[in-house]
Amino acid sequence: MLLFAAATLVGAAALRPGAARAEQPPLKLVALGDSLTAGYRLPADAAFPAVLERALKAKGYKVEIANAGVSGDTSTGGLDRLDWSVPDGTQGVILELGANDMLRGTDPAVTRKALETIIVRLKERGIPVLLAGMLAAPNLGAEYRARFDAIYPDLAKAHDLVLYPFFLDGVAGQRANTMDDGLHPTAKGVERVVEGIRPTVETFLGRLGQAPEPKGQ
């Protein structure tokens, strides 16, 4: 009788909504980027990966987002450190690179090749990618802007990636959201970045089979 009662309780727990989900470990993501990801001049808990992780958890997602941002990094630099920046066990990558290429006037063909190589190498490891796009500054000229701005949508289409078109949407050119250098987001600016990109990240998580926990679970 006692064994029967215990089995009944275990069975009921197994059938309870969310019981299986509660046992699932958090989805492990890596944000691979430059200073915009690293959190230039900001405390660690105000950097993009930390703020995004909190926002997703508030929506019921079980995620852990590692900060693999390096200030000053280019797309080629990100490629050079890819293997140790994205360890085994990573289940998805948010790729945010290219801003420093643009600021240095790097040939867009170089940026495109480096980003595509990162994407291909991650896909070979079975790691999906969310591509965070960047736009060229107006002072670089129409030809450069056209070539640079096309990189991200082209790569997203070619490799069937979830794309967020412009990482700094709502921040670039907004003095209230940028530091005194006019480039890097303040803590408020990071919150704006997260507000903008979060729905796209949720779409990405859906591709990874991750859904938010129902309220009250």
Side-chain angles (χ1 to χ4, degrees), residues 20-101 110-134 151-152 155-156 158-164 167 184-185 190 193-194 197-198 200-213:
R21 181 191 300 275
E23 298 174 1
Q24 295 177 352
L27 195 71
K28 294 187 180 298
L29 305 180
V30 170
L32 178 66
D34 47 40
S35 57
L36 300 177
T37 290
Y40 177 72
R41 288 169 50 189
L42 293 173
D45 64 357
F48 166 72
V51 178
L52 177 60
E53 181 179 308
R54 289 197 298 272
L56 291 171
K57 286 180 175 178
K59 287 287 186 176
Y61 292 94
K62 295 181 66 175
V63 295
E64 292 179 357
I65 307 178
N67 189 339
V70 173
S71 294
D73 218 356
T74 62
S75 57
T76 301
L79 174 59
D80 290 342
R81 63 183 175 88
L82 179 62
D83 291 339
W84 61 265
S85 291
V86 181
D88 291 341
T90 299
Q91 295 167 282
V93 166
I94 300 172
L95 178 57
E96 176 277 306
L97 283 168
N100 287 312
D101 301 57
V110 173
T111 304
R112 181 188 291 264
K113 182 178 180 180
L115 289 175
E116 185 158 36
T117 304
I118 290 172
I119 292 164
V120 169
R121 283 175 53 178
L122 289 173
K123 289 178 72 173
E124 288 173 349
R125 293 172 59 188
I127 302 174
V129 175
L130 184 160
L131 185 58
M134 185 55 55
I151 293 172
Y152 300 89
L155 290 179
H159 296 280
D160 189 28
L161 306 180
V162 175
L163 171 69
Y164 184 61
F167 187 75
H184 294 93
V190 173
V193 170
V194 168
I197 201 174
R198 182 183 51 77
T200 302
V201 177
E202 291 190 45
T203 297
F204 182 57
L205 295 179
R207 282 199 180 189
L208 302 182
Q210 175 78 281
E213 294 184 347

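This one's a predicted model, so the numbers in the text were calculated from it and none came from an experiment.
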Would a 4.5 Å heavy-atom cut-off, applied to side chains only, mark [X] and [Y] as touching?
| X | Y | value |
| --- | --- | --- |
| T74 | L97 | no |
| V30 | P87 | yes |
| V201 | Y61 | no |
| R81 | L32 | yes |

Flag for E96-Y164: side-chain donor and acceptor within less than 3.5 Å: no

If every non-hydrogen atom of [X] is compared with every non-hydrogen atom of [Y], which pair is closest and at what distance?
| X | Y | result |
| --- | --- | --- |
| D73 | D34 | O-CB, 3.6 Å |
| A156 | L163 | CB-CB, 3.8 Å |
| A44 | A50 | O-CB, 3.6 Å |
| T111 | S75 | CA-OG, 3.6 Å |
| M134 | F167 | CE-CB, 4.2 Å |
| E202 | K59 | OE2-CG, 4.2 Å |

Kindly write out the residues that satisfy salt bridge (charged side-chain N to carboxylate O under 4.0 Å, His left out) with R41, not counting sequence neighbours, or none if the list is empty. D180

Identify, with sequence neighbours excluded, every residue that meets salt bridge (charged side-chain N to carboxylate O under 4.0 Å, His left out) alongside D80. none

Going by the side-chain contact (heavy atoms from CB on, under 4.5 Å) test, name the single residue among L82, I118, I119, I127 that passes it with V93. I127

Exactly one of V190, T37, V194, I94 should register a side-chain contact (heavy atoms from CB on, under 4.5 Å) with P49. Which one does? T37

What I want to find out is whether R54 reaches D45 closely enough, with some N-O distance under 4.0 Å, to be called a salt bridge. no

Mind checking the [atom1]-[atom2] spacing from [X] to [Y]? Nearest 0.5 Å is all I need.
| X | Y | atom1 | atom2 | answer |
| --- | --- | --- | --- | --- |
| N67 | E53 | CG | CD | 10.5 Å |
| L29 | L56 | CG | CG | 8.0 Å |
| I197 | F204 | CD1 | CZ | 10.5 Å |
| R198 | L205 | CZ | CG | 11.0 Å |
| K57 | I65 | NZ | CD1 | 8.5 Å |

Main-chain N/O of [Y] paired to [X] side chain as donor or acceptor, under 3.5 Å:
| X | Y | result |
| --- | --- | --- |
| E64 | K28 | no |
| E116 | L155 | no |
| T90 | V86 | no |

Excluding sequence neighbours, so at least two apart, what forms ring-ring contact (aromatic ring centres under 6.0 Å, His included) with Y40? H184

D83 vs R125, side chain to side chain contact (heavy atoms under 4.5 Å, CB included): CA-CA, chis, key distance, verdict: CA-CA 10 Å; D83 291 339; R125 293 172 59 188; 4.3 Å; yes

L131 and H159: side chain to side chain contact (heavy atoms under 4.5 Å, CB included), yes or no, with the steps? CA-CA 10 Å; L131 185 58; H159 296 280; over 6 Å; no

